[in-house]
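In what follows, a single structure is set out as C-alpha cells and then discussed.
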Amino acid sequence: MENIKGLTRTGYCAEYDIKDIGKKVVLMGWVNRSRNLGSIIFCDMRDRTGLIQVVFREEKNKSLFNKATNLKSEYVIAVTGIVNEREDKNPNIKTGDIEIEAEELRILSESAVPAIDIAENTATNELMRLKYRYLDLRKPKQQYYLIMRNKVAKCTRDFFSENGFIEVETPVLTRSTPEGARDYLVPSRVNQGKFYALPQSPQLLKQLLMISGLDRYYQIVKCFRDEDLRANRQPEFTQIDLEMSFVDVDDVIAVNEKFIKKLFKETLNVDVNIPFARMTYEEAMNRFGSDKPDLRYGMELTDISELVKDSEFKVFSDACKNNGSVRGINAKGCADFSRKDIDKLTDFVKDYRAKGLAWLKVGVDNEITGSIVKFFDKEQLTSIVDAFNGEENDLILIIADRNETVFDSLGALRTEIAKRMNLADHERWEFLWVTEFPLLEFDEETNRYYAKHHPFTSPMDEDIPLLHTHPEKVRAKAYDIVLNGEEIGGGSIRIHDSVFQEEMLEVLGFTKDKAQESFGFLLNALKYGAPPHGGMAYGLDRLVMSITKTDNIRDVIAFPKIQSGACPLTDAPNIVEKKQLDELGICLKERKDEV
RNA sequence: GGCCCGGUAGUUCAGUUGGUUAGAAUGCCAGCCUGUCACGCUGGAGGUCGUGGGUUCGAGCCCCAUCCGGGUCGCCA
C-alpha cells in the first residue's frame, strides 16, 4: 500500500467536464469498476460526487499499465493524469464526455471482496446492508439521503436563526415522567437505585426556557422512545423542536409555513403556496377517516346511516342504534376487483377491528350487484349508490360499526386502494394543518382520560367550561402538519397558568401529591411569571423521508436499528461486564432460557 | 403478544406432484482480448437448502417446533 505524500487532490471526480480538457488533475477515490481489454484498461473511479473514467494504456506506459491490472472493486486509489476528451462518449454519466489519461497511480488501500454489491444496483437484504452499513453508504442513492438530510438541517438552522430563534441544548440525561411512551432508562452510579431517562422530547425543558425569557427557542435534537419499531419509526429519532412566547395558534402556524416554504425551495427547488389548507380534526375524520388525510386524491367517506338506519339488514341498523354509523367509500372504476380481491380487502379491514366489509358493484346499465343486495329493494339500492355518486364500473365499500372503527378501517382502506390504483400524483406536495384536536381521550382499560397530545396542552378558550362536565368534548389548541398523508409535525399552545395546569392534571387523574412529585418543577416554574407560549416539533426523519420520497426511515439515518431495536453493525445492545453492573448496583434476573 | 410475507452459492433469485449428481445471473479465481463503460470470450472453484424434529422407500418441497429478517395491528402523551 502506498501513501499520498506529495499529492494534493485537485478536485472531486464528477466536478470535471469538457471545459477542463488538457488540465492536469489529481483525483482520489474508490475503484467502482475496472475493465481490462488486454492492452487498455478503463477504470471507473468513484467519490461522493460520482464517477470518472481513468485510462491506462500498455503502449504508453508498460509499468503503469501492469500496476493497473491489479485494480479490483473498492480499492482506494490516487490517480494523476490529464483530462482528455473521449473517443466514444457515454451520455449516461455526468463526466461521460471526458476521461483521465493516467500518468501516475497509487494504490492507497486494497479491499477485500465486498460483502454487498455497491456498483451493481441489486437490492441486498437489509440485515446484510446494515451489518456492512459503511459499504452500503458508498451507494450514491444512500449518500443522497444523507446529503439531503444535511440540507434540511442546514436550512432549519438558517431559518430559525434568521427569525430570532435561539438554539439551546437540553439534557439527554433527564428524568422519567409519567404518561407517554416507555422511557429508555440509564442507571446512576453515584445515586444507586436511581435512573435517568432519555428524553422522549424536550417538551418541559423548552417550556422552562420560555419562562426564562428566551422568547424563541429551537433545537435539532435526538429523542428516544422505547416502543416497537415500524417502517417510519426508530427508537431514537430526531426532532426539529421549537417554542415561541406571546403567541397563539395562528402565530405558530404562520412562522412554520414560512419555514416549510423556504425548506422546499432550498432542498427541492419546489415553490409551495402558503398559507396551507386547514381542516379541523372533526372534518378530517368525517371526510377521510383519518387525522392525516392525503389530499392528493379524493375518495372521501360518505355517511349513509340516515339511509339505512331502519333497514332490515341488522348489521347496518344495529350499528346505527348503538351510536355507530354506516359509511363507505366509492372506489371509482374498481368494479373489476374479483371476489378474491374483495376478500383480501375484508381481511385488511379486520386488522382495524372491522367485523366485515359490505360491497356493491355498479355494472352495465347501472345494474347493482354485491354482498348486500338481498337485504335491500331496488329503490333503496339506487339511493345508496346515488349517495356515493356511483357510476358504471364503480366499487362501493361500506363498513358499519362503532364510529372509531368505521373511521380507522375506512381511512386505512382509502389509503390502501389509492396505493393499489396509484391515485396519488407523486409530484404534488399537499400540505394541510389539522386543528382543534380533542384534548382528551378516554381509556376504557384504565377507566380514565389521557391527554391526546400531552398534559400541558391548552384547551380552546371556549371549551374550558366543558372540562369537568363533558371532558371528551373539549378541543385543544393543538395542530398537526400533514404532508401527502404523513404527519410530519405537530404542536400546541401550552397552559401557562399554574393553577389551571394543576386542574388539568387533576382531570387526568393525578392527585395533588402525585402531580407535585411528577411535574412539581414545572408547576413551580409556572408560578413565577410564565408568558403565554406554544410551539411545534417536526419529525426530522419523516420530513427527510417525504423530501427524498422513500418509505423507509432507515434510509435517512446513517446507522439505523432493525425491527428488534438492535444495531447489526455494532451488535448493540449487548451484555456488559459484571463489574459494570456491580458499580451500578444492578443485579440481573435470571433469564428464562437459562433457568 | 396477534396476523401476513420471506430465509436455497459471496450477492440477487429460480427450483414442477415429494423422485437421478440442487440450477441461473452476478461476483470471485485463471487465461485470452486496444475504445470499453453492466466490456466480451473460454475454463474453474463455490451449497449444513436458517435450525431441530417428524411423515415417507425417498424431503429444498409436506407436517410440527424454533430462530432470524421485513411489513402490519396492539403500542408510539
Side-chain angles (χ1 to χ4, degrees), chain A residues 32-45 51-60 65 69 72-74 84 86-93 95-96 99 101 112-132 135 177-183 200-201 203-204 223-235 237 344 347-354 405 408-409 412 416 437 439-441 443 445 449-457 476 478 487 490 492 504-505 508 518-519 537 539 551-552 554 561-564 566 568 593:
Chain A
N32 195 63
R33 259 203 191 85
S34 187
R35 295 175 290 280
N36 185 342
L37 275 65
S39 305
I40 184 166
I41 292 172
F42 297 102
C43 173
D44 295 335
M45 203 172 160
L51 299 176
I52 193 161
Q53 175 167 286
V54 182
V55 193
F56 300 91
R57 298 173 205 276
E58 187 173 31
E59 58 177 16
K60 206 171 169 199
F65 177 86
T69 60
K72 289 175 196 158
S73 289
E74 301 309 317
N84 272 352
R86 286 202 199 183
E87 275 177 41
D88 294 303
K89 297 184 176 172
N90 181 356
N92 300 321
I93 66 170
T95 58
E99 63 193 6
E101 191 73 37
V113 176
I116 62 173
D117 285 332
I118 296 164
E120 294 284 328
N121 208 13
T122 43
T124 310
N125 92 57
E126 263 199 85
L127 186 61
M128 205 63 176
R129 284 175 49 201
L130 294 180
K131 186 166 177 184
Y132 295 95
L135 298 182
T177 49
E179 311 285 287
R182 202 172 288 119
D183 284 319
Q200 298 175 26
S201 89
Q203 180 57 39
L204 296 176
C223 303
F224 306 86
R225 293 177 190 177
D226 186 6
E227 298 292 347
D228 287 354
L229 287 79
R230 286 287 186 283
N232 65 355
R233 243 163 56 191
Q234 283 272 306
F237 61 100
K344 277 193 183 148
D347 287 341
F348 177 83
V349 296
K350 280 180 179 166
D351 284 348
Y352 299 87
R353 295 185 307 276
T405 305
D408 276 1
S409 48
E416 174 68 16
F437 276 80
L439 183 71
L440 304 163
E441 271 175 324
D443 179 65
E445 232 173 86
Y449 284 96
Y450 282 86
K452 191 171 169 77
H453 188 52
H454 55 57
F456 321 107
T457 301
E487 181 203 327
S492 66
M504 181 60 65
L505 290 171
L508 293 172
S518 304
F519 304 112
D551 52 11
N552 182 344
R554 294 180 294 273
K561 294 180 174 52
I562 58 175
Q563 199 164 65
S564 61
D593 55 352

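Numbers restart at 1 for each chain; the letters A, B, ... are given by sequence-line order, proteins then strands. Values in this document were obtained by computation on a predicted structure and should not be read as measured data.
Not a single donor-acceptor pair, N or O on each side, falls under 3.5 Å between the base of B/C73 and the side chain of A/D351.
Closest contact between the side chain of A/T124 and the listed nucleotides B/C76, B/U12, B/C37 involves B/U12. The side chain of A/D228 sits closest to B/G1 out of B/G1, B/C29, B/G69. Considering only side-chain atoms of A/R225, the nucleotide from B/C76, B/G27, B/G69 that sits closest is B/C76. The listed nucleotides are B/C28, B/U36, B/C76; the one nearest the side chain of A/S73 is B/C28. Nearest to the side-chain atoms of A/R33 among the listed nucleotides B/A38, B/G35, B/G69 stands B/A38. Closest contact between the side chain of A/R233 and the listed nucleotides B/G70, B/C75, B/U12 involves B/C75. Listed nucleotides: B/A38, B/U11, B/G70. Nearest to the side chain of A/Q563: B/G70. If you check B/U11, B/A38, B/U34 against the side chain of A/D117, the one that comes closest is B/U11. Counting only heavy atoms from C-beta on, A/R86 has its side chain closest to B/C37 among B/C37, B/U72, B/C76. Distances from the side chain of A/I40 to the nucleotides B/U34, B/C68, B/U36 place B/U34 closest.
Nucleic acid contact class of A/I562 (heavy atoms, under 4.0 Å, all strands): sugar-phosphate only. Residue contacts shown for A/R129 are absent, as no nucleic acid heavy atom lies under 4.0 Å away. Here A/E99 lies in heavy-atom contact (under 4.0 Å) with a base. Among the atoms of the strands shown, none is found under 4.0 Å from any heavy atom of A/I116. Using a 4.0 Å heavy-atom criterion, one finds that A/S564 contacts the sugar-phosphate atoms exclusively. Within 4.0 Å of A/K350, counting heavy atoms only, lies no atom of the nucleic acid at all.
Comparing the P positions of B/C63 and B/U16 gives a spacing of 14 Å, expressed to the nearest Å. Between B/G58 and B/G19, the distance separating the two C1' atoms is 7 Å to the nearest Å. Separating the P atom of B/A24 from that of B/C67 is a span of 36 Å, rounded to the nearest Å. Annotation: B/U51 and B/U11 have their P atoms spaced 14 Å apart (nearest Å). Distance noted for atom C1' between B/U20 and B/C28: 30 Å (whole Å). Across the C1' atoms, B/A14 and B/G6 are found 15 Å apart, a figure rounded to whole Å. A distance of about 16 Å separates the P atoms of B/C3 and B/G74, rounded to the whole Å. With C1' as the reference atom, B/G23 and B/G47 are 11 Å apart, rounded to whole Å.
Remark: B/G35 base-pairs with no nucleotide in the shown strands. Criterion, Watson-Crick or G-U wobble with two distances under 3.5 Å. Judged by Watson-Crick or G-U wobble contacts below 3.5 Å, the nucleotide B/C13 has B/G23 as its partner.
The distance from atom CD of A/E441 to atom P of B/G74 is 12 Å, rounded to the nearest whole Å. Protein atom CD of A/E59 is 15 Å distant from nucleotide atom C1' of B/C33, rounded to whole Å. If you measure from atom CZ of A/F348 to atom P of B/C5, you get 16 Å, rounded to the nearest angstrom. Here the P atom of nucleotide B/U36 and the CG atom of A/N92 are 14 Å apart, to the nearest Å. Rounded to an integer number of Å, the gap from CG of A/N232 to P of B/C75 is 16 Å. In this entry the distance linking CG of A/N36 with C1' of B/C29 reads 15 Å, nearest Å. Distance CD (A/E58) to P (B/G35): 13 Å, rounded to an integer number of Å. A/D88 has its CG atom 12 Å from the C1' atom of B/U34, to the nearest Å.
Remark: A/N125 is in phosphate contact with B/U12, judged by side-chain N or O atoms under 4.0 Å from OP1 or OP2. Side-chain N/O atoms of A/K89 include none lying less than 4.0 angstrom from OP1 or OP2 on B/C37.
In terms of heavy atoms, A/S201 sits closest to A/C223 at CA-SG, 3.8 Å.
When each of A/E87 and A/M128 is assigned the nucleotide of RNA chain B with its nearest heavy atom, A/M128 is the one assigned upstream, toward the 5' end.
In summary, the side chains of A/N552 and A/E126 do present a donor paired with an acceptor at a separation below 3.5 Å, with no hydrogens or angles considered. No donor-acceptor contact under 3.5 angstrom links the side chains of A/Q563 and A/R233, judged on distance only.
Within 6.0 Å of the NZ atom in A/K89, the count of heavy atoms belonging to other residues, nucleotides or ligands exceeds 12.
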Query - Test log, rule side chain to side chain contact (heavy atoms under 4.5 Å, CB included), inputs A/D551 and A/N232 - result: CA-CA 7 Å; A/D551 52 11; A/N232 65 355; over 6 Å; no
